[in-house]
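Structure first, commentary second.
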Amino acid sequence: MTKTADYTISLIRALVQEQPVPPVPEGLSLQELFDFSRSHSIEALIFRELCPLIADPDDPVWKQWENRVNLLLAQSIVQLQARDDIIRNLTAAGIDVMPVKGCWLKERYPDINDRQMSDLDMLIHLRDAALAERVLLSMGYRKEEVCFHHTAYLKPPYTEVELHVFLLPETDEHAGYYQNIWEKAIPVEGTPRLYMLKPEDEYLFYLVHLSSHLSESGSGIRSILDNCIYARCFPNMDAVYLEGELKTLGLLELSRQVQALSRCWFETGQAIPDELEPLAQEVCAAGTYGYLEMRTHHRMERLSKTYRNPVIRVFAYCLPRFFCPLSEMRRNYLILEKAPVLLPVFWVVRMISMMLHGKSFWQHLRSVFGEGGRHG
């Protein structure tokens, strides 16, 4: 791991353990710390730790960092208020709601600005999707993106909501486990129709989500810190239940590695065992949401086991992404509900839209062809 990563982790450990802030190592610049912490979405937390050491209002990097933290604080306040407003309006409309992931976890951190959220994730019943959409539209949100298992709604400047009708897409290896997740929902006292998972099931979903990121594009330091926060907030989780469910999910070994890495980084400060080095290196390199090259590499590596020919492998990767099934396309292009025969036309429309969207499409394509050649 790099000096920047080592020091950043030591700062987080000092915060979690309420220990003195360690001095900045010689040769480590403020810009490096800012860039690294921002790539892992922990810049507000690191800024708070560094304030007693190097607060300098005249330093342009420090001023930029401070402005960023103030913006994030405004975003945090708006997001939490939006969460409560959405819950109030959806439940008042007779809709069962289960906020998941960062919706609850954010407030379990020492400070609400320590844990950033890109969006608000909430689970509803499929039968309530149309009514929930009308509620959100009436609140000033606009519909942004439709996927198989969720629909995204945006309200500038800070609020994006993902309304899930399933916690996972049907292509996910763990989708079957969560098919009847409402059976594990617990009513929240004092708020009719508001539900949450018990700590053990909440923690299991965290690991499932982390596993998905790690197997695709990777996941950063914040994801391991989430494990530490779960352990501190829920020290008495049912270990027997967790072990049984983790075996069912096939995640027992991952959970052991994540817990061990979390203890080394944020509790003991001990050297990482050799067997954890690959995970530690991958987490530090990936950043919050991983990176395109890693996601493409993992997918092409899996395809290489089935398709030896690199040309066929590239087509096998691209075709299902460019030519989505009717079930998904008609949620983005409503006319296909009445005229499914137009599906090929809207494949072309979607392709052109992706090509015009910007550099991300072309970066992805270059990455795919690069990986296709590498595994050829």
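None of the values given here were measured: they were computed from a predicted structure.
A distance-only check finds no donor-acceptor pair linking the side chain of Ser211 to the backbone of Leu207 [under 3.5 Å]. Formation of a donor-acceptor pair under 3.5 Å by the His40 side chain with backbone atoms of Ile221 is found in this model. With hydrogens and angles disregarded, no donor-acceptor distance shorter than 3.5 Å links the side chain of Lys63 to the backbone of Pro57. No side-chain donor-acceptor contact under 3.5 Å links Tyr241 to the backbone of Asp201. Not a single donor-acceptor pair under 3.5 Å links the side chain of Ser212 to the backbone N or O of Val208. At least one donor-acceptor pair under 3.5 Å links the side chain of Ser10 to the backbone N or O of Tyr7.
With rounding to the nearest 0.5 Å, the separation of CG in Asp85 from CG in Leu136 is 11.0 Å. To the nearest 0.5 Å, the span separating CG on Leu252 from CZ on Arg256 amounts to 4.0 Å. With rounding to the nearest 0.5 angstrom, the CD1 atom of Ile95 is 8.5 Å from the CZ atom of Arg134. With rounding to the nearest 0.5 angstrom, the CD atom of Gln75 is 12.5 Å from the CG atom of Asn70. Distance check, rounded to the nearest 0.5 Å: CG of Leu261 to CG of Leu276 gives 6.0 Å. Between Arg142 atom CZ and Leu137 atom CG the span is 11.5 Å, to the nearest 0.5 Å.
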Criterion side-chain contact (heavy atoms from CB on, under 4.5 Å) on Tyr195 and Asp96, from CA distance to verdict: CA-CA 7 Å; Tyr195 296 83; Asp96 295 335; 3.7 Å; yes
Stepwise side-chain contact (heavy atoms from CB on, under 4.5 Å) test for Gln64 and Arg68: CA-CA 6 Å; Gln64 180 188 7; Arg68 172 69 179 165; 5.7 Å; no
Candidate pair Arg38 and Asp35, rule salt bridge (charged side-chain N to carboxylate O under 4.0 Å, His left out), full reasoning: CA-CA 5 Å; Arg38 185 167 184 174; Asp35 291 343; over 6 Å; no
Full working for side-chain contact (heavy atoms from CB on, under 4.5 Å) between Val16 and Arg232: CA-CA 9 Å; Val16 171; Arg232 291 174 70 85; 3.6 Å; yes
Test log, rule side-chain contact (heavy atoms from CB on, under 4.5 Å), inputs Leu279 and Leu214: CA-CA 9 Å; Leu279 176 60; Leu214 289 173; 4.2 Å; yes
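Within a 6.0 Å sphere centred on CG of Asn67, other residues, nucleotides and ligands contribute more than 12 heavy atoms. Within a 6.0 Å sphere centred on CD of Gln31, other residues, nucleotides and ligands contribute more than 12 heavy atoms. Applying the 6.0 Å contact sphere to CD of Glu18 captures no more than 12 heavy atoms from other residues, nucleotides or ligands.
Between Asp238 and Glu200, the closest heavy-atom pair is N-OE2, 2.8 Å. Of all non-hydrogen atoms in Ser76 and Ile112, the two that sit nearest each other are OG-O, 3.7 Å. The heavy-atom pair separating Cys284 from Ala5 by the smallest distance is SG-CB, 3.9 Å. When every heavy atom of Arg13 is checked against every heavy atom of Trp265, the shortest pair comes out as NH1-O, 2.6 Å. For the residue pair Arg115 and Gly102, the shortest heavy atom distance occurs at NH1-CA, 4.0 Å. Contact detail for Asn89 and Val135: the closest heavy-atom pair is CB-CG1, 3.8 Å.
The hydrophobic clustering, which links ILVMFWY residues whose side-chain heavy atoms are closer than 4.5 Å, places Val240 and Leu251 apart. Cluster annotation: Ile77 and Met117 are assigned to distinct hydrophobic clusters (Ile/Leu/Val/Met/Phe/Trp/Tyr, side-chain heavy-atom contacts under 4.5 Å, transitive).
Taking the six-membered ring where tryptophan is involved, the planes of Trp65 and Phe34 are tilted, since the angle between them lies from 30° to 60°.
Using a 4.5 Å cut-off on side-chain heavy atoms (C-beta onward), Glu32 and Phe36 make no contact. Counting heavy atoms from C-beta outward, Lys198 and Lys184 have side chains that stay 4.5 Å or more apart. Looking at Asn227 and Phe266, their side chains never come closer than 4.5 Å, going by heavy atoms from C-beta outward. The shortest distance between side-chain heavy atoms of Val100 and His209 does not fall below 4.5 Å. By the 4.5 Å heavy-atom criterion applied to side chains, Arg222 and Gln116 are counted as neighbours. Put simply, the side chain of Leu168 does not reach to within 4.5 Å of the side chain of Tyr177, judged on heavy atoms. Leu45 has its side chain out of reach of Arg48: every pair of non-hydrogen atoms, C-beta onward, lies at least 4.5 Å apart. Between Asp114 and Leu15, some side-chain heavy-atom pair lies under the 4.5 Å cut-off.
The side-chain contact (heavy atoms from CB on, under 4.5 Å) test with His164 is passed by exactly one of Thr151, Ile181, Leu123: Leu123.
Proximity of the aromatic rings of Trp62 and Phe47 is defined here by a centroid distance below 6.0 angstrom, and this criterion is met. Between Tyr206 and Tyr230, a ring centre-to-centre spacing shorter than 6.0 Å is recorded.
Between the side chains of Asp226 and Tyr109, at least one donor-acceptor pair of N or O atoms lies under 3.5 Å.
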